S.K.: 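Have a look at this one.
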Amino acid sequence: MLSSRRSLILLLSIISFAVASSSIDLSGLLPQLSPHASVTDGSNLAAQRWTEFDSPTPGATVNVATEQDVLVTVQYCIRENIEFLSQNGGHGWSTTIHLKQNGIIINLGALNDVTFNKAKTEVTVLGGALVSDVVAAQFANQAIVATGTCNCVGALGSALGGGLGNLQGKLGLISDSIISLNVVTASGKSITVTEKDFDLWWALRGSAANFAIVTSVIMRSHPVEAAGLTAWTGPLIFAENKLEELVQAVDELFLKPEMSVSLVFVSSGPPNNTAQVIASVFFYGTEEEGRQAFAPLYKIGPLVDGTTIQPVTRWNDANNSTCVKGERKQTFGAGLARMVPATWREIYKEFQSFIQLSGSANSSVVVNADSLVELRQIPEGSSSFPFRNTINFHAFTVAWYADPALDHRATAYGSNVRDLWRSTSGLKENSTYINNAYGDEALEVVYGHNLERLKALKRQFDPYGRFTQWFSLAD
Ligand SMILES: Cc1cc2nc3c(=O)[nH]c(=O)nc-3n(C[C@H](O)[C@H](O)[C@H](O)COP(=O)(O)OP(=O)(O)OC[C@H]3O[C@@H](n4cnc5c(N)ncnc54)[C@H](O)[C@@H]3O)c2cc1C
């Protein structure tokens with residue numbers, strides 16, 4: 001008892017010291033926070049983000065430890081008229097995030113529990129959990145849950161914009177697995193949202209960052225035998241002159257529910273910095289089934305076959321190199337209905353040229369093709385994700401570099417690549433999955449046909465524009 005009081009006193013003195021160096025007066029908030037919460041100045045590591053390009057520069061970070069901490073922090077910010085931004089994994093790259101020294105980050109990172117019910121049919125994911133937390137919990141509980149393909153990304157940060165994952169063919173979007181959401185609203189109330197809450201339920205699953213802070217969700221999960229925790233996956237590396245054939249094959253490949261594939265360009269690294277062409281394949285089943293399903297890619301003749309059976313804890317390994325935080329990363333995305341070989345050749349050339357710039361060897365081009373079978377059985381209007389029946393491929397390029405002097409070159413490169421994708425996208429309108437968008441897009445590009453309904457709901461649920469950092473719907 002004595003030691004816990006002592007640590008509380010110590011904690012409060014650390015908090016007071018940290019707050020003293022911040023430009024925002026949070027002294028009224030401190031007594032309301034739980035003992036394990038903390039407040040630090042804006043440059044604290046807890047707030048370090050995936051990209052430093054155009055990133056927020058808050059005056060302070062509130063590191064919450066309970067769902068109640070989120071509520072009291074939001075209520076305090078509303079009362080004191082302080083701008084705030086919730087942070088889950090810190091990987092949001094949109095240039096719309098513009099928090100200044102008079103604003104605070106509500107860092108959800110310590111809210112990272114992932115707990116299953118006894119039957120393993122439902123899982124509660126707290127608002128700060130990362131994809132890696134969900135992956136570890138799946139393994140420990142022998143259950144499958146829809147989640148993203150990069151361990152470092154926020155589990156809810158990615159899910160709440162729709163959520164793409166490699167089990168999409170079987171489970172739909174990550175947000176399609178949500179059963180209920182605990183949220184703190186723009187009016188500073190804590191509520192639980194289920195399908196009975198018609199409008200908010202629809203809006204939160206696809207556009208949540210505009211309406212509330214989601215402190216936890218309950219999602220469907222699927223108990224499995226040991227074999228159900230493994231998949232056949234890995235890279236197939238192709239000679240550059242096979243690019244057109246490969247693009248054509250990916251365009252024509254019918255993806256069964258168990259399948260997903262990403263076509264990737266990365267640099268071979270210094271001194272040559274040659275762009276490598278990789279197809280990263282995934283089959284939720286046996287090696288034999290996987291090889292058969294991806295026969296059209298094998299027919300082209302990969303130079304290297306790195307595929308193997310992997311446990312769920314290794315499925316995301318190939319993406320760990322993109323998880324590094326810091327440095328500058330400008331990321332441009334586009335949705336595609338089809339893959340056009342000539343366009344991809346042009347993009348290859350742009351990429352090859354960009355990675356010759358000093359310090360840009362970690363850049364990449366990625367296009368994800370996930371099975372659309374389950375996704376398209378779920379009605380279009382069931383959530384605010386707008387591209388269920390239009391986008392077949394989600395593409396993005398990360399221009400990654402360290403020197404701010406390259407900012408303009410990186411913007412021009414990313415913008416050119418996006419123009420190339422758009423020029424042959426096969427879509428009637430430019431459309432980009434919101435979590436892949438750069439930040440300069442017209443709102444129609446990320447919200448599609450849902451824009452007017454979302455704007456009306458924004459007026460109803462967030463009339464004072466408390467949530468404006470994420471492709472703002474505020475008038
Ligand atoms: C390396 C990498 C891999 C990726 N892989 C995938 C993938 O496999 N599938 C996929 O769909 N996307 C993927 N993305 C895109 C990703 O979904 C978006 O970048 C997403 O915004 C990141 O969420 P975050 O929590 O990490 O970022 P943050 O910057 O913390 O959050 C992004 C935005 O969401 C808001 N937000 C975060 N948490 C909450 C919450 N609990 N309640 C309300 N609002 C919240 C924040 O306020 C912010 O506006 C990837 C991105 C990167 C950089």
Side-chain angles (χ1 to χ4, degrees), residues 46-51 55-56 58 64 67 70 74 83-99 103 105-109 111-112 125-132 134-135 146-168 173-175 178 181-186 193 203-217 260 262 282 315-316 318-325 329-331 333 362 364 366 368 370 385 394 396 398 400 432-439 446 466-472:
Q48 195 193 352
R49 299 181 62 83
W50 181 67
T51 175
S55 62
V64 295
E67 293 184 70
V70 181
V74 169
E83 204 178 345
F84 59 90
L85 170 74
S86 64
Q87 178 169 291
N88 179 181
H91 285 65
W93 64 60
S94 166
T95 56
T96 59
I97 299 178
H98 271 139
L99 201 60
I105 281 190
I106 301 176
N107 178 19
L108 305 168
L111 283 178
N112 57 5
V125 181
L126 295 195
L130 301 180
V131 168
S132 56
V134 178
V135 167
T147 195
T149 56
C150 273
N151 288 327
C152 51
V153 172
L156 295 194
S158 47
L160 296 170
L164 309 177
N166 45 22
L167 289 176
Q168 194 175 287
L173 295 170
I174 301 169
S175 53
I178 293 176
L181 309 96
N182 276 354
V183 309
V184 174
T185 66
V193 179
L204 288 173
R205 293 167 309 122
S207 320
N210 256 290
F211 291 93
I213 298 180
V214 181
T215 54
S216 64
V217 298
S260 73
S262 302
F282 177 92
W315 292 355
N316 294 346
N319 297 328
N320 285 347
S321 57
T322 59
C323 275
V324 180
K325 284 192 176 181
K329 304 177 186 98
Q330 294 194 52
T331 306
N362 287 325
S364 58
V366 179
N368 294 319
D370 298 300
F385 178 78
H394 297 275
F396 61 92
V398 183
W400 180 336
T432 306
Y433 169 42
I434 195 164
N435 284 351
N436 283 355
Y438 179 70
V446 293
R466 310 278 185 210
F467 298 102
T468 54
Q469 303 295 330
W470 192 244
F471 299 89
S472 176

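Given the structure is predicted, the values throughout are model-derived calculations rather than measurements. Atoms within each ligand, like the ligands themselves, are counted from 1 in listed order. Position 1 is the first residue of the sequence; numbering continues from there.
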S.K.: Out of curiosity, is Phe467 lining ligand 1, as in a heavy atom under 4.0 Å away?
M.R.: no
S.K.: Tell me, which protein residue and heavy-atom name are nearest atom 29 (O) of ligand 1, and how many Å apart are they?
M.R.: Arg49 NH2, 2.7 Å
S.K.: Looking only at N/O atoms, are Gly154 and ligand 1 under 3.5 Å apart anywhere?
M.R.: yes
S.K.: May I ask you to check whether Asn436 has an N/O atom sitting below 3.5 Å from an N/O atom of ligand 1?
M.R.: no
S.K.: State if Lys329 counts as touching ligand 1 under the rule of any non-hydrogen atom under 4.0 Å.
M.R.: no
S.K.: Among side-chain atoms of Ser262 and Asn368, is any donor-acceptor pair under 3.5 angstrom?
M.R.: yes
S.K.: Do Cys150 and Cys323 have their SG atoms under 2.5 angstrom apart?
M.R.: no
S.K.: Any idea which part of Leu108 is under 4.0 Å from ligand 1, heavy-atom wise: side chain, backbone, both or neither?
M.R.: side chain
S.K.: Ignoring hydrogens and geometry beyond distance, is a side-chain donor-acceptor pair present between Glu67 and Ser216 at under 3.5 Å?
M.R.: yes
S.K.: For ligand 1, is any non-hydrogen atom under 4.0 Å from Leu160's backbone (N, CA, C, O), its side chain (CB onward), both, or neither?
M.R.: side chain
S.K.: Would you call the rings of His394 and Phe385 parallel, tilted or perpendicular, taking 30° and 60° as the class edges?
M.R.: tilted
S.K.: Tell me which part of Leu85 gets within contact of ligand 1: side chain, backbone, both or neither, using heavy atoms under 4.0 Å.
M.R.: side chain
S.K.: When you measure from the centre of the six-membered ring of Trp50, is the NZ or CZ of Lys325 closer than 6.0 Å and no more than 45° off the axis?
M.R.: no
S.K.: Has Thr432 got a side-chain atom pairing as donor or acceptor with Val446's backbone, closer than 3.5 angstrom?
M.R.: no
S.K.: Report yes if the distance between the aromatic ring centroids of Phe467 and Phe84 is under 6.0 Å, otherwise no.
M.R.: yes
S.K.: Please check if a non-hydrogen protein atom sits closer than 4.0 Å to atom 11 (O) of ligand 1.
M.R.: yes
S.K.: How does Ser94 reach ligand 1, by side chain, by backbone, by both or by neither, if only non-hydrogen atoms under 4.0 Å count?
M.R.: neither
S.K.: Please give me the minimum heavy-atom distance between Ile97 and Gly92, naming the atom from each residue.
M.R.: CD1-O, 4.1 Å
S.K.: Quick check on Gln87 - does any of its heavy atoms sit under 4.0 Å from an atom of ligand 1?
M.R.: yes
S.K.: For residues Phe211 and Trp470, establish whether the separation of their ring centroids is below 6.0 Å.
M.R.: no
S.K.: Going by heavy atoms, is Ser86 under 4.0 Å from ligand 1?
M.R.: yes
S.K.: So is Gly90 touching ligand 1 or not, going by heavy atoms under 4.0 Å?
M.R.: yes
S.K.: Kindly confirm or rule out an N or O of Leu156 lying under 3.5 angstrom from an N or O of ligand 1.
M.R.: no
S.K.: Which pair of heavy atoms, one from Ile434 and one from Gly161, lies closest together, and at what distance?
M.R.: CG2-O, 3.8 Å
S.K.: Against ligand 1, does Gly128 come closer than 4.0 Å with any heavy atom?
M.R.: no
S.K.: Would Trp50 count as being in polar contact with ligand 1, using the rule that some N or O on each side must be under 3.5 angstrom apart?
M.R.: no
S.K.: Does Gly165 have a heavy atom less than 4.0 Å from any atom of ligand 1?
M.R.: no
